[in-house]
Amino acid sequence: MGVTLAKGGNVSLSKAAPNLTQIMVGLGWDARSTTGAPFDLDASALLCRSGRVLGDEYFVFYNNLKSPEGSVEHTGDNLTGGGEGDDESILVDLSQVPEQVDKIVFPVSIHAAELRGQSFGQVGNAFIRIVNQADGTELARYDLSEDASSETAMIFGEVYRYNGEWKFRAVGQGYASGLRPIPLLLHQVRAAQLDLRMRSEDRAS
């Protein structure tokens, strides 16, 4: 049984499963109330470097199922979110992820949310989990419990490189304007982190 994380928590996947190369990122949710319109959530993956998506082709989702080099693959769109277990899954071959990629971010967005008057406030039992494809072992899990009343997109988690290891972080950050601001916000967060680090180093010198 893998570790269950709280928001902001992280775990080393490389230490949890030495020689880990291939993972399955499973994402799930249930619509707990609806407006009567169909409720369609879409998972995706963004391959990033220094907070920026490498390019449009590195945005992996239901209409672009595989990254250019094939390291990240979306297994297909679930239009209803019905049933138990993972609603959508994304396969990642860590050994084939381009060297320039330092982070893979996993957002989930609500299709046509504004038109249908839908938000994550109507979604329950949302989760993201990391599974070792070699033996099916769940390495990490994050159950989102935030009441995101107006958000229409949310970053569930991210897999990233750190000191030669692959790690997973539980994020749970929502956005009220869909996926559009996420790449820009990732860059802004990265810039803020670097600024804080430089200020800390200046004080120490």
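Hydrogens, waters and symmetry mates are skipped; everything else that's a heavy atom, side chains included, is used.
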For this session: Just say parallel, tilted or perpendicular for the rings of Y160 and Y162, cut-offs at 30° and 60°.
Result: perpendicular
Exercise. For residues 121-137, which residue pairs qualify under salt bridge (Lys or Arg N to Asp or Glu O under 4.0 Å), counting only residues two or more places apart or in two chains?
Worked result: D86-R129, R129-E138
Exercise. So which of Q173, K167, R169 actually passes side-chain contact (heavy atoms from CB on, under 4.5 Å) with E158?
Worked result: R169
Seminar exercise, completed: D102 and S50 have their tightest heavy-atom pair at OD2-N, 2.9 Å
For this session: Could you walk me through whether V101 and R49 pass the side-chain contact (heavy atoms from CB on, under 4.5 Å) test, one step at a time?
Result: CA-CA 5 Å; V101 173; R49 178 182 182 182; 6.0 Å; no
Problem set entry | Side chain T4, main chain R141, donor-acceptor under 3.5 Å | no
Problem set entry | Within 6.0 Å of CD in Q100, more than 12 heavy atoms from elsewhere | yes
Problem set entry | same_hphob_cluster(L20, L91) at 4.5 Å side-chain heavy-atom cutoff | no
For this session: Not counting sequence neighbours, which residues clear salt bridge (charged side-chain N to carboxylate O under 4.0 Å, His left out) with E73? List them please.
Result: none
For this session: Can you sort out the partners of N125 under side chain to side chain donor-acceptor pair (under 3.5 Å), two or more places apart, ordered by chain and number?
Result: D30
Seminar exercise, completed: To the nearest 0.5 Å, atom CG of N64 lies from atom OH of Y58 at 11.0 Å
For this session: Please report the closest heavy-atom contact between L47 and S67, naming both atoms and the distance.
Result: CD2-CB, 4.3 Å
Seminar exercise, completed: On a heavy-atom basis, the closest approach of A170 and A6 is CB-O, 3.5 Å
Exercise. To the nearest 0.5 Å, how far apart are CG in D42 and CD1 in I110?
Worked result: 10.0 Å
Exercise. Going from CD1 on I90 to OG1 on T75, what distance comes out if it is rounded to the nearest 0.5 angstrom?
Worked result: 8.0 Å
Exercise. What is the minimum heavy-atom distance between E88 and H74, and which atoms define it?
Worked result: OE1-NE2, 3.1 Å
Problem set entry | Heavy-atom closest pair, residues A45 and V72 | CB-CG1, 3.9 Å
For this session: Please test S95 against T21 for side chain to side chain donor-acceptor pair (under 3.5 Å), starting from the C-alpha separation and ending with a verdict.
Result: CA-CA 6 Å; S95 67; T21 57; 5.4 Å; no
For this session: Evaluate side-chain contact (heavy atoms from CB on, under 4.5 Å) for V25 paired with F168, printing each intermediate quantity in order.
Result: CA-CA 11 Å; V25 182; F168 169 71; over 6 Å; no
For this session: Would you please test L144 and W29 for side-chain contact (heavy atoms from CB on, under 4.5 Å) and show each step?
Result: CA-CA 10 Å; L144 289 80; W29 50 79; over 6 Å; no
Exercise. Any idea which heavy atoms bring L27 and F156 closest together, and the distance?
Worked result: CD2-CD2, 3.8 Å
Exercise. Nearest 0.5 Å, what's the CG-OH distance between D40 and Y62?
Worked result: 7.5 Å
Problem set entry | Same apolar cluster (I L V M F W Y, side chains within < 4.5 Å links), V92/L139 | yes
For this session: Measure the OG1-CZ distance between T152 and R116 for me, rounded to the nearest 0.5 Å.
Result: 13.0 Å
For this session: Treating Ile, Leu, Val, Met, Phe, Trp and Tyr as nodes and any side-chain heavy-atom pair under 4.5 angstrom as an edge, say whether F127 and V131 lie in one connected cluster.
Result: no
Exercise. Is any side-chain heavy atom of S71 less than 4.5 Å from a side-chain heavy atom of P98?
Worked result: yes
Problem set entry | Worked check of side-chain contact (heavy atoms from CB on, under 4.5 Å) between V97 and I104 | CA-CA 9 Å; V97 175; I104 305 172; 4.1 Å; yes
For this session: Indicate if M24 and V11 have the same hydrophobic cluster label, given that clusters are the connected sets of ILVMFWY residues with side-chain heavy-atom separations under 4.5 angstrom.
Result: no
For this session: Would you give the length of the straight line joining atom CD1 of I23 to atom CD1 of I130, rounded to the nearest 0.5 angstrom?
Result: 4.5 Å
